[in-house]
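This chain uses plain numbering: 1 for the first residue, then up along the sequence. As a basis for the values below, the full set of heavy atoms in this structure was taken, side chains included, without hydrogen atoms, waters or symmetry mates.
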Amino acid sequence: MTTESKRQAYPDSFFVGGYWGARKESPEACASRAAVLLERLAACDPLLAHWYKSIRSRKGTKKLSLMPPDVSVLTDLFRRGTNREGGRVFEELGFHVWFLNESDPDDVDLRLRCGDYAGSSPNSCLLSLPFEGPNAERVLTPSVLEAVMRGMVAACEPEWITAMSDYHRELDDPGNKTNTKLGWLTYFSKQRGTVPPLPAPVRIEPVEDKGTLILLTPERFTVANPEHVALAGRVRELLTRAGLIQPRTR
């Protein structure tokens with residue numbers, strides 16, 4: 001199925017993804033970050049206030065509630081989330097934990113990969129979001145997405161964050177040739193450089209002393225709107241010229 005036919009057949013889904021490079025961290029440090037993130041997400045919207053982890057045991061699978069966050073419980077989850085093969089633990093690959101949301105049937109989950117210092121894959125924080133219905137109408141707004149991204153900055157200190165749709169991701173960087181996806185909202189840490197002046201209606205906001213957040217349009221971004229797509233292309237070009245977006249090195 002082509003991208004265009006998928007757009008016609010399925011609603012567009014959104015996600016918020018934060019990414020950073022190699023960073024060695026213990027399970028305890030990752031758990032502390034996760035605790036801050038869960039608390040910050042809960043403050044963004046009621047949809048993001050209830051999280052659990054599926055735990056398998058000899059008695060079957062059960063739900064472990066993670067709210068309010070308990071660092072000792074989260075630490076154990078990250079220890080379980082190490083990369084293993086044949087009994088060997090690959091510490092350099094960090095830890096991966098998948099948190100579920102209790103708001104079924106909405107498709108919301110949170111995946112954290114942290115502590116990877118091998119550099120084989122980026123550390124990341126990935127939040128999927130509902131694409132239709134009252135929860136989506138409430139959450140897919142600049143104010144809520146900005147709050148989510150600020151929470152990711154406070155908890156994970158990522159190099160960059162994007163809030164974008166899956167269809168926009170397919171259009172933004174064909175072939176995945178650069179080191180950033182430019183979303184409806186995008187955050188760059190100050191280590192990336194200075195965000196240049198950008199054309200209206202783009203809004204630029206500081207995120208404490210850590211970086212800069214860019215909002216392309218006040219209304220929901222959609223690839224069905226050619227003006228949105230053109231604006232995103234122009235902003236990507238300006239950010240590339242400023243050195244904030246660069247070609248992948250591998």
Side-chain angles (χ1 to χ4, degrees), residues 14-55 63-82 91 93-103 106 108-117 121-129 135 138-163 183 185-192 205-214:
F14 279 75
F15 69 95
V16 182
Y19 306 88
W20 59 100
R23 183 194 295 166
K24 185 175 182 178
E25 294 187 288
S26 66
E28 291 82 2
C30 294
S32 294
R33 292 188 183 277
V36 172
L37 180 60
L38 293 176
E39 289 177 341
R40 292 292 294 259
L41 290 178
C44 294
D45 187 86
L47 178 66
L48 306 176
H50 305 283
W51 297 95
Y52 72 92
K53 174 68 178 174
S54 291
I55 299 294
K63 289 183 178 181
L64 172 65
S65 176
L66 300 176
M67 300 301 291
D70 183 317
V71 173
S72 63
V73 171
L74 291 168
T75 297
D76 182 61
L77 293 180
F78 277 97
R79 286 199 180 107
R80 293 170 181 246
T82 55
E91 177 187 307
L93 299 181
F95 317 95
H96 185 203
V97 177
W98 180 13
F99 304 122
L100 301 173
N101 184 271
E102 294 183 335
S103 301
D106 287 308
V108 179
D109 62 47
L110 175 66
R111 301 177 189 232
L112 273 174
R113 179 186 295 276
C114 65
D116 185 320
Y117 59 94
S121 60
N123 290 293
S124 61
C125 172
L126 186 62
L127 175 70
S128 68
L129 294 170
N135 283 328
R138 193 179 63 251
V139 171
L140 295 180
T141 60
S143 60
V144 174
L145 292 178
E146 180 175 339
V148 168
M149 294 171 76
R150 287 178 180 273
M152 287 187 178
V153 172
C156 300
E157 301 178 277
E159 183 180 341
W160 63 281
I161 310 173
T162 186
L185 292 88
T186 309
Y187 164 83
F188 291 102
S189 73
K190 62 183 180 181
Q191 283 73 26
R192 275 286 183 99
E205 295 284 344
V207 180
E208 301 175 358
D209 63 345
K210 298 181 182 299
T212 304
L213 187 143
I214 301 167

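- Screening residues 18-41 for ring pair (Phe, Tyr, Trp, His ring centres under 6.0 Å) gives Y19-W160 as the qualifying pairs, with residues at least two apart or on separate chains.
- Nearest heavy atoms, H50 versus M67: CA-CG, 4.2 Å.
- Considering OG of S124 and CD1 of I161, their distance stands at 12.0 Å, rounded to 0.5 Å.
- Between G183 and T186, the shortest heavy-atom distance links the atoms N-OG1, 2.9 Å.
- Legend: residues meeting side chain to side chain donor-acceptor pair (under 3.5 Å) with Y52, ordered by chain and number and at least two apart, are absent.
- Side chains of T212 and K190 form no contact here, defined as non-hydrogen atoms less than 4.5 Å apart.
- For the pair F95 and E25, the minimum side-chain heavy-atom distance is 4.5 Å or more.
- Annotation: side chain of F78 is not in contact with side chain of E28 (no heavy-atom distance under 4.5 Å).
- The closest side-chain heavy-atom distance from L127 to V108 is below 4.5 Å.
- If you take CG on L93 and OH on Y117, they are separated by 8.5 Å, rounding to the nearest 0.5 Å.
- Summarising the geometry of P69 relative to L38, their closest heavy-atom pair is CG-CB, 3.9 Å, with the distance given to 0.1 Å.
- When every heavy atom of L37 is checked against every heavy atom of C125, the shortest pair comes out as CD2-SG, 3.4 Å.
- Looking at heavy atoms from C-beta onward, L112 lies in side-chain contact with C156 at the 4.5 angstrom threshold.
- The distance from the CG atom of L145 to the CG atom of L185 is 5.5 Å, given to the nearest 0.5 Å.
- Every side chain to side chain donor-acceptor pair (under 3.5 Å) that S189 has, sequence neighbours left out, goes to Q191.
- Annotation for V16 and M149: closest pair CG1-CG, 3.9 Å, computed over non-hydrogen atoms.
- Partner of W51 under the side-chain contact (heavy atoms from CB on, under 4.5 Å) criterion, out of L41, L64, L100: L41 alone.
- The CH2 atom of W98 sits 11.5 Å away from the CG atom of L110 when rounded to the nearest 0.5 Å.
- Note that the CG atom of D76 and the NZ atom of K53 stand 11.0 Å from one another [nearest 0.5 Å].
- Scanning both residues, S32 and V71, for their nearest heavy atoms gives OG-CG1, 4.0 Å.
- Note on residues 145-154: pairs passing salt bridge (charged side-chain N to carboxylate O under 4.0 Å, His left out), not counting sequence neighbours, are E146-R150, E146-R203.
- The backbone N or O of D116 lies less than 3.5 Å from a partner atom in the side chain of N123, making a donor-acceptor pair.
- H96 NE2 to R111 CZ: the interatomic distance, rounded to the nearest 0.5 Å, is 6.0 Å.
- Screening residues 34-50 for salt bridge (charged side-chain N to carboxylate O under 4.0 Å, His left out), with sequence neighbours left out, gives D45-R138.
- Applying the disulfide (SG to SG under 2.5 Å) criterion to C114, with sequence neighbours excluded, gives C30.
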